[in-house]
Every structure is written in C-alpha cells, then in structure tokens.
Amino acid sequence: MKNITAVSNKVLLIDLSKDEIRTLDVPEKTRRDYIGGKGLALKLLHDNIKPGIEALSGDNMLVFATGPTAGTAAPAGNRFVIASKSPLTGIFACSYVGGRFGLSLKKAGFDGLIVTGNSQKPINIHINDDKITFEDAADDWGLDTYDFQEKHVDAGEWVVIGPAGENLVKYSVIASKKRVAGRCGLGAVMGSKNIKGISATGSLKVKPTDPAGFKKSLRIAQKKVLSHDNSGRRLKELGTAQNVRIYGSSNIMPVRNFSKPSFDKLEDISAEKIRDNHTIKSAGCTGCPIKCGKVGNYNGKKLVTPEYETIAIMGANLLISDISKIALWNDKLNRLGLDSISTGVSIGFVAELAEKGMVESDITFGNPEVIERSIEDIAYRRGLGDDMAEGVKRLSEKYGGKDFACHVKGLEMAGYDPRGCHGQGLGYATANCGATHLSGSTHSVEVDPMGGKPYIPAHGSRAKAEFVIFLQNLMDMTNASIFCLQTQYPFLEENPLYKILPKFLLRFLSSYIPKFTVNTADLSDYASLLTGLLGCKITQKDLRDVGERIFNLERHMNCEEGISRKDDALPSLMTSETDEAGWEAVDLDAMLARYYKLRGWDDNGIPKKETLTRLGITT
Ligand code: SF4
C-alpha cells in the first residue's frame with residue numbers, strides 16, 4: 001500500500017457540462033494561508049467563480065474538502081466540509097459533516113473535489129483512486145439517502161441527496177452514512193447538477209509528515225480530550241442533547257416559534273431522560289474518541305438519537321415533548337434529505353402565520369400528525385409545502401410576518417434564542433452564512449454548559465464583540481484543519497494560565513478586559529498537531545491569522561454579492577422590548593459598531609482595503 005503524507009496538494013475537478021476531468025495543484029502559499037477544509041474550499045470558490053452567478057446554475061461549483069487531520073489519529077479529525085453558493089441565502093455557505101466520504105476521497109489521493117456544470121440526466125459519480133467513472137442514476141432517483149447507500153454499499157463511501165435535494169428544496173442536505181451536511185441547501189445544488197450520489201474509494205495510507213513529532217503532540221491532546229469533563233464524560237454519556245436542560249432552563253432554547261423563553265415539558269426531552277429510557281449505544285465519526293452520537297430504542301425502532309438542535313427546533317419550538325416522535329422525524333428528515341433546523345423553523349413560522357390568520361393552513365403547534373405530514377409536503381413540494389420549501393425569508397415576503405420570521409440573511413436560526421444570550425445575537429447577525437450556531441457562537445461562554453458561572457454575562461453588550469470575533473476566527477481555523485469543534489473545550493480550557501487563575505478573576509478579566517482572555521487562549525495543541533501533520537512549523541499566531549483570513553475572505557466574497565450592514569440584522573422581535581422574565585432586548589447596534597471597528601471594517605460592514613491587504617486577500 002502506498003503512503004501519502006497529511007495532504008496530497010491535489011484537487012480533482014469534474015466539469016459535467018464540458019465533459020472535463022482534471023487535477024488542480026494546491027500551491028504551498030494557499031496551504032499556509034488557508035490550511036485545508038473550509039479555508040481551501042472558500043479559496044477555490046473565490047478563485048474560480050464570478051460574483052453574481054445563480055446558485056442552481058451550472059456555473060456554481062460544489063466543493064468537497066478534507067483537512068490534514070483526515071485519515072490520521074488526530075482526535076475528532078475525520079470530518080469534511082462541503083461549500084458552494086447557497087440557493088437559500090444567495091451567498092456563500094460551508095456545511096460540515098462527519099461521514100466517511102472525505103476520508104475515502106483523501107485515500108484516493110485528493111484533498112478536495114470540485115464539481116461544476118450540469119449533467120443532462122441523473123448520474124452517480126465514482127472516484128476509485130485516480131479512476132473516475134459515471135453511471136446512469138435514473139433507477140436511483142427518488143430513493144432516500146439510507147436506502148440508496150444500502151443499495152450501493154459495495155461501491156465505496158458516499159455523499160448522496162434524498163428526494164428533497166432532487167426537488168431543489170432550498171434547505172436540502174447532503175448525507176454521508178447517517179450524518180448530514182445540513183445547512184444552507186447544498187443538497188439542492190447537487191440536485192440541480194443531476195447528481196444523485198458520489199462515491200469514493202482509495203488505496204492510499206495517510207501518514208503524518210513528521211510521525212515522531214505528531215505522536216508526541218497526539219499523546220498530550222488525547223489526554224486532554226479524554227480527561228475534560230465535557231469531551232471525556234458528558235458528551236460520551238449524553239451527547240449534544242446535554243444542552244437541553246442547561247439552555248432550556250436559561251431562556252435560550254427556542255419555544256413556540258421563538259416566542260416564549262421556557263418550555264414546561266423540558267424534562268421529557270432532556271438528555272438525561274433519553275439516556276435512562278432510550279439509549280442503546282454511543283456512535284460517532286470514524287476514529288473519534290468522543291463519540292457524541294447516540295443510538296436509541298424509540299417505540300421499538302433502533303434510531304439515531306437527535307442532536308440538541310433537532311430536539312430544540314422540532315421539539316420545544318413546535319411544542320412537541322414526545323422524544324420518540326422527534327427521533328422518528330429526525331430519521332425521516334435524514335432519509336428525505338432535509339435540514340432539521342430550517343424545516344422546524346419553517347413549520348413553526350407557518351403555525352404562527354396560520355394562528356394569526358395570515359395563511360390558510362391546518363398546521364398548529366403541538367400537533368404531531370400535521371407536523372409529520374408537513375415534513376413530507378416540504379420534501380415533495382406538495383401544496384403549501386412548495387412555499388415552505390423556500391424557507392422563512394421567502395415565506396415572509398409572500399405572506400407577511402417579517403418581524404417573527406426567525407432567520408438572518410435567509411438562513412433559519414439555530415437552537416439558541418439571542419434574547420437569552422446577547423453575544424449569540426451578534427454571532428448570528430455577523431456569521432457569514434446567516435444564523436448558524438457554527439460560527440462565533442458565544443452561548444457556551446455566556447452560560448456555562450456545566451452549570452457553573454459563565455465567563456461573561458449573558459445580557460448586555462460588554463465583551464461581546466471581542467468574544468464573537470475570537471470564536472468566529474477560531475471556528476474557521478478549526479474547520480480548515482478540520483478538527484471537530486468539540487475539541488475546543490478540552491484544548492482551550494486546559495490552558496495552564498486559566499487553571500492557575502482563580503475563577504472569579506478569570507470571569508472579571510473576561511468581562512472587563514476581554515482582550516486578556518481571547519489573546520491568551522491556548523491554541524498550542526492545534527499548532528503542535530498541525531506541525532507534526534504538515535511537517536513545517538505552525539505557530540499559534542499562524543492559526544489566529546488563518547482564522548481571521550478565512551473569515552474576512554468569506555465576508556469579502558459576500559460583500560461582492562451585495563452583503564453589507566443592512567444584512568447583519570436580527571428579526572425585530574429580538575431587538576424590541578420584552579416583558580418575558582429572563583429575556584432582554586438585544587442591543588445589536590451597539591455591539592455591531594464595536595464589532596466592525598475591531599474587525600477593521602467600515603461603518604457599512606465592508607472590510608477596509610488595508611484589512612484585506614494585511615491578511616493577503618486579493619480583491
Ligand atoms: S465529537 Fe461527535 S461530531 Fe465531533 S467528531 Fe466526534 S463523533 Fe463526530
């Protein structure tokens with residue numbers, strides 16, 4: 001078996017319209033500046049597509065990218081990213097997933113794959129080392145993502161769309177095994193290209209460039225991952241559903257289309273209840289020591305346990321407390337290829353529209369039969385489901401209700417209500433792809449997930465811009481590498497400096513001198529693991545620069561699509577005065593002004609020329 005080091009510096013390009021297959025080289029400078037994963041994917045999009053193209057046209061590109069960690073023993077490193085222009089938001093989007101396709105692509109000798117153009121008829125694409133073949137997928141069109149992968153189990157590891165992607169639902173997903181790249185409708189981009197599935201098999205063995213150096217760093221990193229209370233215990237025992245109790249009791253979990261701060265049936269959907277009554281085993285991404293996924297028995301069916309986001313949005317947000325129903329819908333959503341967050345927010349929005357007499361529909365909160373039918377209506381674009389498949393922004397443009405349409409830049413809000421944690425509001429407003437929880441999410445520094453006192457207060461503007469910027473840059477660097485974001489707790493919180501400081505002093509410094517905390521955050525584990533993988537010295541400063549560069553590159557690309565301050569907005573219900581206990585209106589303007597200044601952007605939210613030049617971003 002041949003070996004490759006952590007990166008091959010090769011990207012496969014398949015142009016379906018021109019019948020062209022070729023390999024692109026990744027220059028050394030791109031590798032240093034953007035690493036891989038999200039950074040590489042965005043750089044490829046920036047360099048190869050013109051501003052203004054339509055997301056569902058042949059001009060759009062679908063990019064799959066792995067990072068240096070894939071195929072090695074780096075903890076929680078076998079994920080990959082899918083990037084493209086989003087049909088839901090009209091701007092750039094990256095979605096992350098832990099299935100096995102990225103690993104197989106890497107073993108086939110490619111750090112990334114670009115697919116562009118359109119096929120005239122449904123096809124599957126096979127990548128078998130350097131051999132690329134196509135097959136007719138007419139018989140596969142209509143299959144759900146699980147049945148498809150079962151039918152083609154011998155063909156390698158897949159990325160595949162379900163019926164929702166075929167029907168160009170604006171928030172359809174791409175699945176790999178039972179994991180999905182969920183956000184921003186990249187399944188519809190794949191569907192528009194008439195691709196049902198792409199398989200990869202490879203015979204290469206991935207090795208770190210400096211095995212001895214990597215092994216030494218790995219020992220330290222693994223110890224931290226396994227000994228930290230979150231990654232070493234709570235995630236293993238409870239999964240991400242552990243957030244239900246903590247965020248549900250902190251006025252953060254969305255309830256009734258984001259209209260209430262608390263849910264009276266919280267315990268019914270808590271991770272502790274799931275653990276006691278349903279969990280069969282832990283599961284997760286290949287080689288991950290954390291294994292945050294869970295499989296459970298729900299009314300006699302063995303199903304994947306829903307993540308926190310799905311429980312919050314399909315549960316409390318729709319006033320559903322039957323966890324077996326939510327698990328069944330999660331299975332249905334994954335099979336049909338729908339994003340659970342955008343689906344749940346769209347259903348909740350229509351329930352509120354119908355309640356207010358703004359649309360004719362039988363959809364109501366707390367009605368499982370109607371919710372279940374709505375999921376299928378959306379996937380197959382039946383009746384009102386056809387409008388719902390366009391997302392809440394377009395629904396509100398057609399039926400009204402913009403003040404309670406919970407999205408930013410067209411992307412439906414994830415499972416955190418900003419009125420319970422104001423930094424999260426700034427994070428949503430400024431995240432490049434819209435209201436995602438995977439860019440600059442401050443909920444875990446505004447509310448301690450372990451139940452203690454948080455780093456900074458949940459309400460008010462103090463310290464929010466500094467923490468949002470730090471976390472946005474950190475998450476972009478992590479998604480470039482491509483470590484799972486769950487490594488952040490053990491790697492950062494085992495910081496020797498934070499450990500010797502009394503907790504009250506660390507909280508005081510975080511709130512009143514936030515630069516102290518964010519500038520002394522310890523990225524040494526990421527730096528030393530990447531140094532061993534890539535065989536060249538990577539410093540903590542390099543990684544901070546990479547994160548800042550990626551975030552600004554994406555902002556710059558979006559500004560070229562017309563994004564500016566007007567789009568960095570929250571629905572008005574979140575910035576207006578509220579009487580609900582535990583909630584305060586978000587003062588977004590105050591936070592934005594400081595955020596733009598610290599970012600080096602002008603008052604309209606456009607990165608200044610000197611900022612882009614400093615980061616080496618060519619315009
Ligand atoms: S922590 Fe969970 S999501 Fe992250 S790599 Fe491990 S199993 Fe996958």
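This one's a predicted model, so the numbers in the text were calculated from it and none came from an experiment. Ligands are counted one by one from 1 in listed order, and the atoms in each one are counted from 1 as well.
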Is it true that Asp331 and Arg335 make a salt bridge, defined as a side-chain N closer than 4.0 Å to a carboxylate O? yes
Name the closest protein heavy atom to atom 3 (S) of ligand 1, giving the residue it belongs to and the distance to 0.1 Å. Arg79 NH1, 3.5 Å
Taking salt bridge (Lys or Arg N to Asp or Glu O under 4.0 Å) as the criterion, tell me which of Lys224, Lys216, Lys223 meets it with Asp525. Lys224
Tell me the contacting part of Arg179 for ligand 1: side chain, backbone, both, or neither, using a 4.0 Å heavy-atom threshold, strictly below. side chain
Residue pair Thr517 / Tyr498, side-chain donor-acceptor N/O under 3.5 Å: no
Using a heavy-atom cut-off of under 4.0 Å, does the side chain or the backbone of Cys285 touch ligand 1, or both, or neither? both
Hey, is there an N, O or S on Cys292 sitting under 2.8 Å from atom 2 (Fe) of ligand 1? yes
Give the ring-plane orientation class for His126 versus Trp158, where under 30° counts as parallel, over 60° as perpendicular and anything between as tilted. perpendicular
Looking only at protein heavy atoms, what sits closest to atom 6 (Fe) of ligand 1 is Cys288 SG, 2.3 Å
Which ligand 1 atoms does Gln486 reach within 4.0 Å, using its non-hydrogen atoms? 1 (S)
Verify whether one side chain among Lys294 and Ser282 offers a donor that lies under 3.5 Å from an acceptor in the other. yes
Can you confirm whether more than 12 heavy atoms, excluding those of Lys291, are under 6.0 Å from its NZ atom? yes
Against heavy atoms of Gly284, which atoms of ligand 1 measure under 4.0 Å? 7 (S)
Please write down residue, atom name and distance for the protein heavy atom closest to atom 4 (Fe) of ligand 1. Cys484 SG, 2.3 Å
